[in-house]
2 protein chains.
Amino acid sequence: MPPLAATRNSILPPRGRKYDQVLEGARQVFMADGFEGASVDEIARVAEVSKATLYKYFADKRMLFMEVANNECQRQAGAALDNIVLAAPPREVLGQTGRHFLGFITSRFGQQIFRICVAESDRFPELGRSFYESGPAVMRAELACYFAQACARGELVIDDYILAADQFGELCKADLWMRLIFGVIKEVSAAEIDRVIDNAVETFLARYGT
Amino acid sequence: MPPLAATRNSILPPRGRKYDQVLEGARQVFMADGFEGASVDEIARVAEVSKATLYKYFADKRMLFMEVANNECQRQAGAALDNIVLAAPPREVLGQTGRHFLGFITSRFGQQIFRICVAESDRFPELGRSFYESGPAVMRAELACYFAQACARGELVIDDYILAADQFGELCKADLWMRLIFGVIKEVSAAEIDRVIDNAVETFLARYGT
DNA sequence: TTGGAAGTGAACCGATCCGTTTATATGCTG
DNA sequence: CAGCATATAAACGGATCGGTTCACTTCCAA
(Lines give C-alpha, C1' and ligand atoms only; values in the text may rest on other atoms or scores of the structure.)
Protein backbone atom coordinates (compact mmCIF):
# COMPACT_ATOMS: atom_id res chain seq x y z
CA MET A 1 0.00 0.00 0.00
CA PRO A 2 2.08 2.93 -1.20
CA PRO A 3 0.09 6.13 -0.55
CA LEU A 4 -3.43 5.11 0.31
CA ALA A 5 -3.35 7.23 3.44
CA ALA A 6 -6.44 8.99 2.13
CA THR A 7 -8.74 7.25 4.58
CA ARG A 8 -9.07 10.37 6.73
CA ASN A 9 -10.57 10.31 10.14
CA SER A 10 -13.77 11.88 8.92
CA ILE A 11 -16.10 9.44 10.62
CA LEU A 12 -14.99 9.96 14.18
CA PRO A 13 -15.72 13.44 15.51
CA PRO A 14 -12.79 14.76 17.50
CA ARG A 15 -11.66 11.24 18.47
CA GLY A 16 -9.32 10.60 21.36
CA ARG A 17 -6.46 13.02 21.77
CA LYS A 18 -3.56 12.78 19.31
CA TYR A 19 -1.36 11.65 22.13
CA ASP A 20 -3.36 8.47 22.43
CA GLN A 21 -3.32 7.94 18.70
CA VAL A 22 0.44 8.08 18.70
CA LEU A 23 0.64 5.71 21.63
CA GLU A 24 -1.70 3.22 20.02
CA GLY A 25 0.08 3.39 16.68
CA ALA A 26 3.41 2.97 18.39
CA ARG A 27 2.08 0.01 20.32
CA GLN A 28 1.03 -1.75 17.14
CA VAL A 29 4.23 -1.07 15.24
CA PHE A 30 6.60 -1.82 18.10
CA MET A 31 4.80 -5.06 18.85
CA ALA A 32 5.01 -6.09 15.23
CA ASP A 33 8.55 -5.00 14.43
CA GLY A 34 10.44 -4.54 17.68
CA PHE A 35 12.37 -1.40 18.53
CA GLU A 36 14.94 -1.29 15.77
CA GLY A 37 12.57 -2.68 13.21
CA ALA A 38 9.96 -0.04 13.84
CA SER A 39 10.44 3.21 11.95
CA VAL A 40 9.06 6.46 13.26
CA ASP A 41 7.58 7.22 9.88
CA GLU A 42 5.62 4.00 9.96
CA ILE A 43 4.39 4.73 13.47
CA ALA A 44 3.22 8.15 12.40
CA ARG A 45 1.50 6.63 9.39
CA VAL A 46 -0.27 3.94 11.39
CA ALA A 47 -1.23 6.46 14.04
CA GLU A 48 -2.60 8.72 11.30
CA VAL A 49 -0.56 11.56 12.67
CA SER A 50 2.18 13.71 11.22
CA LYS A 51 5.70 13.05 12.39
CA ALA A 52 5.95 16.62 13.62
CA THR A 53 3.00 16.04 15.91
CA LEU A 54 4.52 12.83 17.16
CA TYR A 55 7.69 14.63 18.13
CA LYS A 56 5.68 17.28 19.90
CA TYR A 57 4.50 14.70 22.41
CA PHE A 58 7.55 12.48 22.68
CA ALA A 59 11.13 13.62 22.92
CA ASP A 60 12.52 10.78 20.85
CA LYS A 61 11.97 7.22 19.76
CA ARG A 62 13.30 5.77 22.98
CA MET A 63 10.92 7.76 25.14
CA LEU A 64 8.01 6.74 22.97
CA PHE A 65 9.00 3.12 23.26
CA MET A 66 9.40 3.27 27.02
CA GLU A 67 5.95 4.76 27.33
CA VAL A 68 4.44 2.00 25.22
CA ALA A 69 6.28 -0.71 27.10
CA ASN A 70 5.33 0.60 30.51
CA ASN A 71 1.71 0.89 29.46
CA GLU A 72 1.69 -2.68 28.25
CA CYS A 73 3.29 -3.96 31.42
CA GLN A 74 0.77 -2.22 33.62
CA ARG A 75 -2.16 -3.36 31.55
CA GLN A 76 -0.95 -6.91 31.74
CA ALA A 77 -0.32 -6.80 35.47
CA GLY A 78 -3.89 -5.68 35.99
CA ALA A 79 -5.42 -8.70 34.29
CA ALA A 80 -2.96 -11.01 35.95
CA LEU A 81 -4.49 -13.04 38.70
CA ASP A 82 -7.79 -11.50 39.60
CA ASN A 83 -9.50 -14.83 39.64
CA ILE A 84 -7.41 -16.53 42.27
CA VAL A 85 -9.62 -17.95 44.97
CA LEU A 86 -7.63 -17.98 48.13
CA ALA A 87 -9.93 -20.41 49.89
CA ALA A 88 -9.98 -23.12 47.23
CA PRO A 89 -7.94 -26.30 47.61
CA PRO A 90 -4.40 -26.30 46.19
CA ARG A 91 -5.03 -28.67 43.35
CA GLU A 92 -7.75 -26.46 41.98
CA VAL A 93 -5.96 -23.15 42.52
CA LEU A 94 -2.73 -24.42 41.05
CA GLY A 95 -4.48 -25.81 38.01
CA GLN A 96 -6.35 -22.62 37.27
CA THR A 97 -3.41 -20.37 37.94
CA GLY A 98 -1.08 -22.50 35.86
CA ARG A 99 -3.45 -22.60 32.94
CA HIS A 100 -3.92 -18.85 33.06
CA PHE A 101 -0.19 -18.27 33.32
CA LEU A 102 0.68 -20.65 30.52
CA GLY A 103 -2.07 -19.19 28.41
CA PHE A 104 -0.54 -15.77 28.68
CA ILE A 105 3.10 -16.60 28.11
CA THR A 106 2.24 -18.72 25.10
CA SER A 107 0.00 -16.09 23.55
CA ARG A 108 1.21 -14.14 20.57
CA PHE A 109 1.20 -11.03 22.71
CA GLY A 110 3.09 -12.56 25.60
CA GLN A 111 5.72 -13.91 23.26
CA GLN A 112 6.20 -10.61 21.51
CA ILE A 113 6.57 -8.51 24.62
CA PHE A 114 9.05 -10.99 26.00
CA ARG A 115 11.03 -10.88 22.77
CA ILE A 116 11.24 -7.14 22.84
CA CYS A 117 12.18 -6.99 26.50
CA VAL A 118 14.98 -9.50 26.00
CA ALA A 119 16.28 -7.93 22.84
CA GLU A 120 16.14 -4.38 24.13
CA SER A 121 17.11 -4.81 27.75
CA ASP A 122 20.66 -3.85 26.82
CA ARG A 123 19.54 -0.57 25.34
CA PHE A 124 16.94 0.03 28.07
CA PRO A 125 18.17 -1.45 31.33
CA GLU A 126 15.02 -0.32 33.08
CA LEU A 127 12.74 -1.99 30.58
CA GLY A 128 13.55 -5.54 31.60
CA ARG A 129 13.31 -4.74 35.27
CA SER A 130 10.06 -2.89 34.83
CA PHE A 131 8.56 -5.77 32.91
CA TYR A 132 9.72 -8.30 35.44
CA GLU A 133 8.38 -6.33 38.39
CA SER A 134 4.97 -5.85 36.84
CA GLY A 135 4.78 -9.33 35.35
CA PRO A 136 6.46 -12.41 36.81
CA ALA A 137 7.06 -10.77 40.17
CA VAL A 138 3.37 -10.08 40.63
CA MET A 139 2.36 -13.65 40.00
CA ARG A 140 5.12 -14.81 42.30
CA ALA A 141 3.88 -12.60 45.13
CA GLU A 142 0.26 -13.58 44.66
CA LEU A 143 1.11 -17.22 44.61
CA ALA A 144 3.33 -16.93 47.66
CA CYS A 145 0.49 -15.19 49.43
CA TYR A 146 -1.84 -18.05 48.64
CA PHE A 147 0.73 -20.57 49.77
CA ALA A 148 0.99 -18.91 53.13
CA GLN A 149 -2.74 -19.22 53.67
CA ALA A 150 -2.89 -22.77 52.40
CA CYS A 151 -0.06 -23.69 54.74
CA ALA A 152 -1.93 -22.11 57.62
CA ARG A 153 -4.85 -24.35 56.74
CA GLY A 154 -2.54 -27.33 56.65
CA GLU A 155 -3.16 -27.97 52.97
CA LEU A 156 0.47 -27.40 52.04
CA VAL A 157 3.82 -27.65 53.77
CA ILE A 158 6.24 -25.07 52.41
CA ASP A 159 9.21 -23.45 54.06
CA ASP A 160 10.14 -21.02 51.28
CA TYR A 161 7.00 -19.60 49.68
CA ILE A 162 8.89 -17.59 47.11
CA LEU A 163 11.01 -20.43 45.87
CA ALA A 164 7.97 -22.70 45.76
CA ALA A 165 6.13 -20.15 43.66
CA ASP A 166 9.09 -19.91 41.31
CA GLN A 167 9.24 -23.65 41.00
CA PHE A 168 5.59 -23.91 40.12
CA GLY A 169 5.92 -21.20 37.52
CA GLU A 170 8.82 -22.97 35.92
CA LEU A 171 7.07 -26.32 36.02
CA CYS A 172 4.22 -24.82 34.05
CA LYS A 173 6.51 -23.98 31.16
CA ALA A 174 8.11 -27.40 30.88
CA ASP A 175 9.77 -26.85 27.54
CA LEU A 176 6.57 -25.81 25.84
CA TRP A 177 7.52 -22.21 26.20
CA MET A 178 11.11 -22.75 25.13
CA ARG A 179 10.05 -24.39 21.89
CA LEU A 180 7.63 -21.57 21.19
CA ILE A 181 10.22 -18.86 21.78
CA PHE A 182 12.66 -20.54 19.43
CA GLY A 183 10.07 -21.21 16.78
CA VAL A 184 10.40 -24.98 17.01
CA ILE A 185 6.63 -25.09 17.27
CA LYS A 186 4.20 -22.44 16.20
CA GLU A 187 1.41 -22.99 18.69
CA VAL A 188 0.43 -25.30 21.49
CA SER A 189 -2.63 -27.47 21.61
CA ALA A 190 -5.04 -27.48 24.51
CA ALA A 191 -4.14 -31.11 25.14
CA GLU A 192 -0.47 -30.27 25.53
CA ILE A 193 -1.29 -27.46 27.91
CA ASP A 194 -3.44 -29.80 29.99
CA ARG A 195 -0.72 -32.42 30.10
CA VAL A 196 1.95 -29.97 31.18
CA ILE A 197 -0.21 -28.24 33.77
CA ASP A 198 -1.51 -31.47 35.24
CA ASN A 199 2.01 -32.76 35.58
CA ALA A 200 3.21 -29.50 37.04
CA VAL A 201 0.53 -29.68 39.72
CA GLU A 202 1.32 -33.32 40.34
CA THR A 203 5.02 -32.71 40.80
CA PHE A 204 4.45 -29.66 42.92
CA LEU A 205 2.05 -31.43 45.25
CA ALA A 206 4.34 -34.43 45.51
CA ARG A 207 6.80 -32.15 47.21
CA TYR A 208 4.61 -29.68 49.04
CA GLY A 209 1.23 -31.39 49.36
CA THR A 210 -0.12 -33.00 52.48
CA MET B 1 41.23 2.54 19.96
CA PRO B 2 40.76 4.52 16.78
CA PRO B 3 43.24 3.23 14.19
CA LEU B 4 45.66 1.00 16.03
CA ALA B 5 45.27 -1.64 13.36
CA ALA B 6 49.04 -1.47 12.96
CA THR B 7 49.59 -4.61 14.98
CA ARG B 8 50.06 -6.70 11.86
CA ASN B 9 50.14 -10.41 12.03
CA SER B 10 53.90 -10.48 11.79
CA ILE B 11 54.42 -12.84 14.68
CA LEU B 12 52.35 -15.70 13.42
CA PRO B 13 53.70 -17.29 10.23
CA PRO B 14 50.88 -17.74 7.77
CA ARG B 15 48.32 -18.11 10.59
CA GLY B 16 44.93 -19.66 10.03
CA ARG B 17 43.26 -18.81 6.80
CA LYS B 18 41.57 -15.42 6.45
CA TYR B 19 38.30 -17.24 6.51
CA ASP B 20 38.86 -18.17 10.11
CA GLN B 21 39.93 -14.67 11.01
CA VAL B 22 36.67 -13.35 9.65
CA LEU B 23 34.68 -15.97 11.49
CA GLU B 24 36.40 -15.26 14.77
CA GLY B 25 36.05 -11.51 14.40
CA ALA B 26 32.39 -11.92 13.51
CA ARG B 27 31.90 -14.14 16.53
CA GLN B 28 33.27 -11.51 18.87
CA VAL B 29 31.35 -8.62 17.38
CA PHE B 30 28.05 -10.46 16.99
CA MET B 31 28.26 -11.74 20.54
CA ALA B 32 28.93 -8.26 21.83
CA ASP B 33 26.46 -6.29 19.74
CA GLY B 34 23.88 -8.67 18.33
CA PHE B 35 22.99 -8.81 14.67
CA GLU B 36 21.70 -5.32 14.01
CA GLY B 37 24.17 -3.74 16.38
CA ALA B 38 27.18 -5.29 14.70
CA SER B 39 28.53 -3.39 11.70
CA VAL B 40 30.39 -5.18 8.97
CA ASP B 41 33.12 -2.56 9.10
CA GLU B 42 33.69 -3.29 12.75
CA ILE B 43 33.83 -7.00 12.10
CA ALA B 44 36.42 -6.48 9.39
CA ARG B 45 38.42 -4.25 11.70
CA VAL B 46 38.33 -6.72 14.60
CA ALA B 47 39.16 -9.57 12.25
CA GLU B 48 42.08 -7.53 10.88
CA VAL B 49 40.80 -8.14 7.39
CA SER B 50 39.61 -5.83 4.65
CA LYS B 51 35.92 -5.65 3.98
CA ALA B 52 36.51 -6.76 0.41
CA THR B 53 38.13 -9.94 1.66
CA LEU B 54 35.25 -10.53 4.03
CA TYR B 55 32.77 -10.32 1.21
CA LYS B 56 34.84 -12.74 -0.84
CA TYR B 57 34.15 -15.45 1.69
CA PHE B 58 30.62 -14.60 2.76
CA ALA B 59 27.81 -13.55 0.50
CA ASP B 60 26.31 -11.08 2.94
CA LYS B 61 25.92 -10.21 6.57
CA ARG B 62 23.15 -12.71 7.16
CA MET B 63 25.18 -15.61 5.84
CA LEU B 64 28.11 -14.63 7.98
CA PHE B 65 25.89 -14.48 11.00
CA MET B 66 24.34 -17.85 10.32
CA GLU B 67 27.77 -19.38 10.04
CA VAL B 68 28.84 -17.91 13.35
CA ALA B 69 25.65 -18.96 15.08
CA ASN B 70 25.81 -22.51 13.81
CA ASN B 71 29.42 -22.81 14.86
CA GLU B 72 28.60 -21.62 18.34
CA CYS B 73 25.71 -23.99 18.67
CA GLN B 74 27.79 -26.96 17.66
CA ARG B 75 30.65 -25.99 19.94
CA GLN B 76 28.27 -25.68 22.82
CA ALA B 77 26.54 -28.96 22.14
CA GLY B 78 29.87 -30.74 22.26
CA ALA B 79 30.74 -29.57 25.75
CA ALA B 80 27.24 -30.24 26.98
CA LEU B 81 26.97 -33.25 29.17
CA ASP B 82 30.09 -35.33 28.74
CA ASN B 83 30.40 -35.89 32.43
CA ILE B 84 27.12 -37.60 33.09
CA VAL B 85 27.68 -40.85 34.94
CA LEU B 86 24.86 -43.12 33.99
CA ALA B 87 25.46 -45.50 36.88
CA ALA B 88 25.44 -42.96 39.70
CA PRO B 89 22.40 -42.53 41.96
CA PRO B 90 19.78 -39.97 40.91
CA ARG B 91 20.46 -37.45 43.63
CA GLU B 92 24.07 -37.19 42.57
CA VAL B 93 23.49 -37.15 38.83
CA LEU B 94 20.70 -34.61 39.07
CA GLY B 95 22.76 -32.34 41.28
CA GLN B 96 25.75 -32.38 38.98
CA THR B 97 23.74 -32.03 35.82
CA GLY B 98 21.65 -29.24 37.25
CA ARG B 99 24.68 -27.33 38.42
CA HIS B 100 26.34 -27.70 35.04
CA PHE B 101 23.20 -26.66 33.21
CA LEU B 102 22.53 -23.68 35.44
CA GLY B 103 26.15 -22.68 35.19
CA PHE B 104 25.92 -22.50 31.45
CA ILE B 105 22.63 -20.69 31.07
CA THR B 106 23.65 -18.11 33.64
CA SER B 107 27.05 -17.51 32.08
CA ARG B 108 27.67 -14.35 30.14
CA PHE B 109 28.05 -16.43 27.03
CA GLY B 110 24.91 -18.45 27.55
CA GLN B 111 22.91 -15.31 28.17
CA GLN B 112 24.23 -13.60 25.08
CA ILE B 113 23.59 -16.41 22.68
CA PHE B 114 20.11 -16.79 24.06
CA ARG B 115 19.49 -13.08 23.61
CA ILE B 116 20.59 -13.18 20.02
CA CYS B 117 18.58 -16.28 19.20
CA VAL B 118 15.43 -14.77 20.66
CA ALA B 119 15.90 -11.38 19.09
CA GLU B 120 16.83 -12.73 15.68
CA SER B 121 14.60 -15.76 15.39
CA ASP B 122 12.16 -13.66 13.40
CA ARG B 123 14.80 -12.73 10.86
CA PHE B 124 16.34 -16.21 10.88
CA PRO B 125 13.67 -18.78 11.52
CA GLU B 126 16.20 -21.59 11.35
CA LEU B 127 18.44 -20.01 13.94
CA GLY B 128 16.17 -20.58 16.90
CA ARG B 129 15.41 -24.14 15.87
CA SER B 130 19.05 -24.91 15.25
CA PHE B 131 20.01 -23.55 18.65
CA TYR B 132 17.25 -25.45 20.37
CA GLU B 133 18.12 -28.72 18.70
CA SER B 134 21.79 -28.50 19.53
CA GLY B 135 21.24 -27.07 23.00
CA PRO B 136 18.23 -27.77 25.19
CA ALA B 137 17.14 -30.75 23.12
CA VAL B 138 20.47 -32.47 23.66
CA MET B 139 20.32 -32.15 27.41
CA ARG B 140 16.75 -33.30 27.36
CA ALA B 141 17.63 -36.42 25.42
CA GLU B 142 20.63 -37.24 27.59
CA LEU B 143 18.63 -36.80 30.73
CA ALA B 144 15.76 -38.89 29.41
CA CYS B 145 18.25 -41.59 28.54
CA TYR B 146 19.57 -41.59 32.09
CA PHE B 147 16.06 -41.68 33.49
CA ALA B 148 15.30 -44.79 31.52
CA GLN B 149 18.28 -46.57 32.99
CA ALA B 150 17.60 -45.35 36.50
CA CYS B 151 14.02 -46.54 36.20
CA ALA B 152 15.24 -49.91 35.05
CA ARG B 153 17.30 -50.08 38.21
CA GLY B 154 14.29 -49.10 40.26
CA GLU B 155 15.83 -45.85 41.40
CA LEU B 156 13.16 -43.73 39.75
CA VAL B 157 9.56 -44.18 38.70
CA ILE B 158 8.79 -42.13 35.60
CA ASP B 159 6.19 -42.68 32.95
CA ASP B 160 7.14 -39.84 30.63
CA TYR B 161 10.93 -39.45 30.48
CA ILE B 162 10.85 -36.43 28.22
CA LEU B 163 8.41 -34.48 30.31
CA ALA B 164 10.32 -35.36 33.45
CA ALA B 165 13.53 -34.10 31.88
CA ASP B 166 11.82 -30.87 30.89
CA GLN B 167 10.47 -30.45 34.38
CA PHE B 168 13.87 -30.87 35.93
CA GLY B 169 15.41 -28.40 33.54
CA GLU B 170 12.78 -25.85 34.39
CA LEU B 171 13.12 -26.46 38.10
CA CYS B 172 16.81 -25.64 37.84
CA LYS B 173 16.05 -22.16 36.60
CA ALA B 174 13.55 -21.26 39.30
CA ASP B 175 13.40 -17.57 38.53
CA LEU B 176 17.15 -17.12 38.79
CA TRP B 177 17.45 -17.23 35.06
CA MET B 178 14.46 -14.96 34.48
CA ARG B 179 15.92 -12.27 36.69
CA LEU B 180 19.23 -12.51 34.91
CA ILE B 181 17.71 -12.22 31.45
CA PHE B 182 15.78 -9.13 32.45
CA GLY B 183 18.69 -7.52 34.21
CA VAL B 184 17.01 -7.53 37.60
CA ILE B 185 20.19 -9.07 38.96
CA LYS B 186 23.62 -8.97 37.40
CA GLU B 187 25.05 -12.26 38.57
CA VAL B 188 24.16 -15.18 40.78
CA SER B 189 26.05 -16.29 43.84
CA ALA B 190 27.19 -19.85 44.38
CA ALA B 191 24.94 -20.02 47.41
CA GLU B 192 21.88 -19.15 45.36
CA ILE B 193 22.78 -21.75 42.78
CA ASP B 194 23.13 -24.37 45.47
CA ARG B 195 19.84 -23.46 47.02
CA VAL B 196 17.97 -23.59 43.72
CA ILE B 197 19.58 -26.82 42.57
CA ASP B 198 19.13 -28.57 45.89
CA ASN B 199 15.47 -27.64 45.90
CA ALA B 200 15.06 -28.68 42.29
CA VAL B 201 16.45 -32.11 43.09
CA GLU B 202 14.29 -32.34 46.17
CA THR B 203 11.08 -31.49 44.33
CA PHE B 204 11.93 -33.73 41.43
CA LEU B 205 12.64 -36.72 43.67
CA ALA B 206 9.52 -36.08 45.70
CA ARG B 207 7.56 -36.90 42.57
CA TYR B 208 9.76 -39.41 40.81
CA GLY B 209 12.02 -40.85 43.52
CA THR B 210 11.61 -44.22 45.19
C1' DT C 1 -14.53 37.65 12.45
C1' DT C 2 -10.12 37.12 13.99
C1' DG C 3 -6.07 35.41 16.08
C1' DG C 4 -3.51 31.87 17.86
C1' DA C 5 -2.78 27.14 18.87
C1' DA C 6 -2.51 22.63 16.92
C1' DG C 7 -1.80 19.69 13.06
C1' DT C 8 -0.10 18.51 8.45
C1' DG C 9 2.79 17.05 4.63
C1' DA C 10 6.93 17.27 2.51
C1' DA C 11 11.36 18.31 2.15
C1' DC C 12 15.69 18.20 4.26
C1' DC C 13 20.08 17.13 7.13
C1' DG C 14 23.36 14.33 9.01
C1' DA C 15 24.54 9.95 10.18
C1' DT C 16 24.89 4.97 9.62
C1' DC C 17 25.39 1.04 7.13
C1' DC C 18 25.67 -2.63 3.53
C1' DG C 19 27.84 -4.03 -0.30
C1' DT C 20 30.75 -2.80 -4.55
C1' DT C 21 34.45 -0.98 -6.95
C1' DT C 22 39.01 0.66 -7.95
C1' DA C 23 43.62 1.25 -7.78
C1' DT C 24 47.45 -0.50 -5.30
C1' DA C 25 50.33 -3.66 -2.75
C1' DT C 26 51.84 -8.21 -1.37
C1' DG C 27 53.33 -12.78 -1.73
C1' DC C 28 53.81 -17.13 -3.91
C1' DT C 29 55.16 -20.02 -8.13
C1' DG C 30 57.40 -21.16 -12.18
C1' DC D 1 62.14 -11.74 -12.74
C1' DA D 2 57.48 -12.33 -14.54
C1' DG D 3 52.76 -13.44 -13.71
C1' DC D 4 48.89 -14.28 -11.20
C1' DA D 5 45.96 -14.84 -7.31
C1' DT D 6 45.03 -12.73 -3.07
C1' DA D 7 44.66 -8.94 0.07
C1' DT D 8 44.28 -4.02 1.20
C1' DA D 9 42.71 0.75 1.89
C1' DA D 10 39.64 4.02 0.58
C1' DA D 11 36.10 5.79 -1.55
C1' DC D 12 31.54 5.51 -3.35
C1' DG D 13 26.43 4.45 -4.33
C1' DG D 14 22.24 3.64 -2.69
C1' DA D 15 19.33 3.14 0.89
C1' DT D 16 17.27 3.78 5.58
C1' DC D 17 16.37 6.28 9.43
C1' DG D 18 15.92 9.74 13.28
C1' DG D 19 14.87 14.15 14.04
C1' DT D 20 14.10 19.18 12.42
C1' DT D 21 12.21 22.81 9.75
C1' DC D 22 8.86 25.27 7.20
C1' DA D 23 5.05 26.82 4.75
C1' DC D 24 0.36 25.90 4.84
C1' DT D 25 -4.18 24.43 6.66
C1' DT D 26 -7.70 23.43 10.23
C1' DC D 27 -10.09 24.34 14.23
C1' DC D 28 -11.75 26.61 18.15
C1' DA D 29 -12.66 30.19 21.26
C1' DA D 30 -12.88 35.07 22.36
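Numbered from 1 within each chain, the chains take letters A, B, ... in sequence-line order. The model shown is predicted, which means the values in this text are computed figures rather than measured ones.
- Put simply, OH on A:Y57 is 7 Å from P on C:dA6, counting in whole angstrom units.
- Rounded to whole Å, atom C1' of D:dC17 lies 13 Å from atom CZ of A:F30.
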- Task: For each nucleotide in nucleotides 18-24 of chain C, reading 5' to 3', give B when a protein heavy atom comes within less than 4.0 Å of its base, S when such contact involves only the sugar-phosphate, and - otherwise.
- Result: BBBB---
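- The distance from atom CG of A:D33 to atom C1' of D:dT16 is 14 Å, rounded to the nearest whole Å.
- Considering only residues two or more places apart in sequence or on other chains, B:D175 meets the side chain to side chain donor-acceptor pair (under 3.5 Å) condition with A:Y132, A:R140, B:R179.
- D:dA7 atom P lies 9 Å from atom CD of B:Q21, rounded to whole Å.
- Listed for the B:T97 side chain is a donor-acceptor partner under 3.5 Å among the backbone atoms of B:V93.
- Between B:Y19 and B:F58, the two ring planes are parallel [angle under 30°; tilted spans 30° to 60°].
- The phosphate of C:dG9 (OP1 or OP2) has no side-chain N or O of A:S50 nearer than 4.0 angstrom.
- Taking the six-membered ring where tryptophan is involved, the planes of B:F114 and B:W177 are perpendicular, since the angle between them exceeds 60° and thus also 30°.
- Atom CZ in A:R45 sits about 14 Å away from atom P in D:dT16, given to the nearest Å.
- The interatomic distance linking A:E48 (CD) with D:dT26 (P) rounds to 17 Å, in whole Å.
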Return all side-chain donor-acceptor pairs below 3.5 angstrom for residues 31-40 of chain B, not counting sequence neighbours, or 'none' if the list is empty.
from: B:E36; atom 1: OE2; to: B:R123; atom 2: NH1; distance (Å): 2.8
from: B:E36; atom 1: OE2; to: B:R123; atom 2: NH2; distance (Å): 3.2
from: B:S39; atom 1: OG; to: B:E42; atom 2: N; distance (Å): 3.0

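- Taking 4.0 Å as the cut-off between side-chain N and carboxylate O, A:E170 and A:K173 count as a salt-bridged pair.
- A:K18 places its NZ atom 7 Å from the C1' atom of C:dG7, with the value rounded to the nearest Å.
- Rounded to a whole Å, the CE atom of A:M63 is 15 Å from the C1' atom of D:dG18.
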